[in-house]
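Take a look at the structure below.
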Amino acid sequence: MEQHNMPEEVKETVLKALTGFSLYAVYLTGSRSYGFYDENSDYDMLAFVVPSKQDLFLGKPMVSKVVKTDNPLVEQVVVRDVRFLLSYLKKPTFNMLFLFQDPCLQFGEKLFDKDDAMNGLLYEKKSFLLSLGGVYTQRVKKGTAKDKAHALYLEQLFDSALQSSTLPGLKPEECLAVRLGEKEYDFKESNFLLEKAKKYSDNFDATNFHMLLDMKMVRWLEHYYEEC
């Protein structure tokens, strides 16, 4: 996965949109993160925030919202409670790819890292593969050049995940060529990847890994509130 730095204008827009939140980290997602964006692509931003101690103890719902901006470079910022990171790692999907990169903005001590992401993919690979299959089906239904670029990337991800939880062998430049019309790509059947994913099986027991993630979360929150 590529690493990207945010332009100052984007950073300022994101921080303004997140005023009032206790920030943990902000990640870049979408095609700019995957490496096959064009000059018109905006910045898809995902921010994680920390609940107040009172909200945590009272069991209030975790924050999950979208904040709109007035900057076309960043039309919106997706905001999630930091505890959602557990679900990304315990049941990895296409949407957890941001965890293989460093955040664009980091506030305080890091909670989970790339090793956690790789272990999540190792222990719950079938969940990840099924997710890729589902997203592939959606792309086939839409059928645009951009969707073809994403479909090729999904195929690359699928094959890479089968080889290793480090996701080797990705070639976003080929996906960009498809998006720009410089390379031909034809969709497979809409359930192509989904059927392949259903045939995958492994014997990993993720129980201890999940317990470790829970403990890391508890200790991180304890330390966070002690520092506040």
Side-chain angles (χ1 to χ4, degrees), residues 1-51 61-82 84-85 87-88 93-108 110 114 117 131-132 134-157 167 170-185 187:
M1 307 296 291
E2 293 190 5
Q3 303 295 330
H4 297 275
N5 295 317
M6 275 197 300
E8 284 301 314
E9 179 184 357
V10 172
K11 185 184 299 185
E12 291 171 3
T13 298
V14 170
L15 290 176
K16 180 179 178 182
L18 297 174
T19 299
F21 290 105
S22 297
L23 300 176
Y24 162 66
V26 179
Y27 291 87
L28 177 66
T29 65
S31 58
R32 282 191 176 273
S33 172
Y34 310 146
F36 52 91
Y37 56 94
D38 60 30
E39 59 183 9
N40 297 316
S41 298
D42 62 355
Y43 287 80
D44 297 306
M45 308 306 302
L46 174 60
F48 288 93
V49 299
V50 187
M62 295 190 291
V63 172
S64 180
K65 63 188 301 184
V66 174
V67 180
K68 301 288 186 179
T69 82
D70 55 5
N71 187 339
L73 280 176
V74 192
E75 294 184 355
Q76 63 186 31
V77 180
V78 177
V79 183
R80 296 283 186 270
D81 188 295
V82 70
F84 274 107
L85 287 170
S87 61
Y88 283 113
T93 67
F94 177 70
N95 293 326
M96 60 87 74
L97 291 177
F98 68 89
L99 284 169
F100 284 87
Q101 303 185 74
D102 292 325
C104 298
L105 295 170
Q106 177 74 56
F107 302 87
K110 183 172 284 190
K114 298 174 191 175
S131 168
L132 298 186
V135 178
Y136 187 91
T137 300
Q138 295 172 14
R139 293 297 179 182
V140 173
K141 290 179 179 179
K142 293 181 179 179
T144 67
K146 180 179 178 181
D147 291 307
K148 288 185 176 182
H150 275 267
L152 176 57
Y153 194 64
L154 288 164
E155 287 193 49
Q156 291 182 1
L157 278 169
L167 300 179
L170 300 179
K171 299 178 180 178
E173 65 278 3
E174 293 185 2
C175 304
L176 178 59
V178 170
R179 182 169 183 171
L180 298 177
E182 299 170 355
K183 176 183 174 67
E184 291 294 324
Y185 173 83
F187 289 118

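As a basis for the values below, the full set of heavy atoms in this structure was taken, side chains included, without hydrogen atoms, waters or symmetry mates. Counting from 1, the numbers follow the sequence of the chain as shown. Remember, predicted model here, so these are calculated numbers, not experimental data.
- Taken to the nearest 0.5 Å, the CG atom of Leu167 stands 6.0 Å off from the CG atom of Leu157.
- Applying the salt bridge (Lys or Arg N to Asp or Glu O under 4.0 Å) rule to pairs touching residues 141-153 yields Arg139-Asp147, sequence neighbours excluded.
- To the nearest 0.5 Å, the span separating CG on Leu99 from CG on Leu46 amounts to 8.5 Å.
- Residue Ala145 comes nearest to Val178 through the heavy atom pair O-CG1, 4.2 Å, listed as atom of the first residue, atom of the second, then distance.
- With sequence neighbours left out, Val140 forms a side-chain contact (heavy atoms from CB on, under 4.5 Å) with Tyr136, Phe187, Ser190.
- Legend: residues meeting side chain to side chain donor-acceptor pair (under 3.5 Å) with Gln76, ordered by chain and number and at least two apart, are Lys68.
- For Thr19, the side chain to side chain donor-acceptor pair (under 3.5 Å) test picks out no residue, with sequence neighbours left out.
- Among all heavy-atom pairs drawn from Val77 and Ala17, the shortest one is CG2-CB, 4.2 Å.
- For Phe36, the ring-ring contact (aromatic ring centres under 6.0 Å, His included) criterion is met by Tyr34, His150, Tyr153, not counting sequence neighbours.
- Residues satisfying the side chain to side chain donor-acceptor pair (under 3.5 Å) criterion with Ser87, sequence neighbours excluded, are absent altogether.
- Contact check for Ser64 versus Val78: no side-chain heavy atoms found under the 4.5 Å cut-off.
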Show the numbers, then the answer: is there a side chain to side chain contact (heavy atoms under 4.5 Å, CB included) between Leu15 and Val26?
CA-CA 9 Å; Leu15 290 176; Val26 179; 5.8 Å; no
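- Shown here are the side chain to side chain donor-acceptor pair (under 3.5 Å) partners of Thr13, two or more places apart in sequence or in another chain: Asn71.
- Other residues, nucleotides and ligands contribute over 12 non-hydrogen atoms within 6.0 Å of the CD atom of Glu182.
- Residue pairs that meet the salt bridge (Lys or Arg N to Asp or Glu O under 4.0 Å) test with at least one member in residues 6-31, sequence neighbours left out, are Glu8-Lys11.
- Interatomic distance, OG1 of Thr29 versus CE of Met96, reported as 14.0 Å (0.5 Å rounding).
- With sequence neighbours left out, the side-chain contact (heavy atoms from CB on, under 4.5 Å) criterion links Lys171 to Gln156, Glu173, Glu174.
- With sequence neighbours excluded, the residues forming a side-chain contact (heavy atoms from CB on, under 4.5 Å) with Asn95 are Tyr88, Thr93, listed by chain and number.
- With Asp81 contributing its side chain and Phe84 its backbone, the two residues share no donor-acceptor pair below 3.5 Å.
- Arg32 places a side-chain N or O within 3.5 Å of a backbone atom of Ser41 that can act as its donor or acceptor partner.
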Set out, in order, the CA-CA distance, both residues' side-chain angles and the distance that settles ring-ring contact (aromatic ring centres under 6.0 Å, His included) for Phe21 and Phe107, then state yes or no.
CA-CA 12 Å; Phe21 290 105; Phe107 302 87; over 10 Å; no
Determine whether Leu154 and Val135 satisfy the following criterion, side chain to side chain contact (heavy atoms under 4.5 Å, CB included), listing intermediate values before the conclusion.
CA-CA 8 Å; Leu154 288 164; Val135 178; 3.8 Å; yes
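- Considering only residues two or more places apart in sequence or on other chains, Glu75 meets the side-chain contact (heavy atoms from CB on, under 4.5 Å) condition with Asp42.
- For the atom pair Thr69 OG1 and Tyr43 OH, the distance stands at 13.5 Å (nearest 0.5 Å).
- Residue Asp38 holds its CG atom at 7.0 Å from OG of Ser31, rounded to the nearest 0.5 Å.
- Proximity of Leu28 to Met45: side-chain heavy atoms (C-beta onward) are separated by under 4.5 Å at one or more points.
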Intermediate values then yes/no, side chain to side chain contact (heavy atoms under 4.5 Å, CB included), Lys114 and Asp102:
CA-CA 8 Å; Lys114 298 174 191 175; Asp102 292 325; 3.4 Å; yes
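- Residue Pro103 is tested with Phe98, Tyr24, Tyr27, Phe48 for a side-chain contact (heavy atoms from CB on, under 4.5 Å); the sole match is Tyr27.
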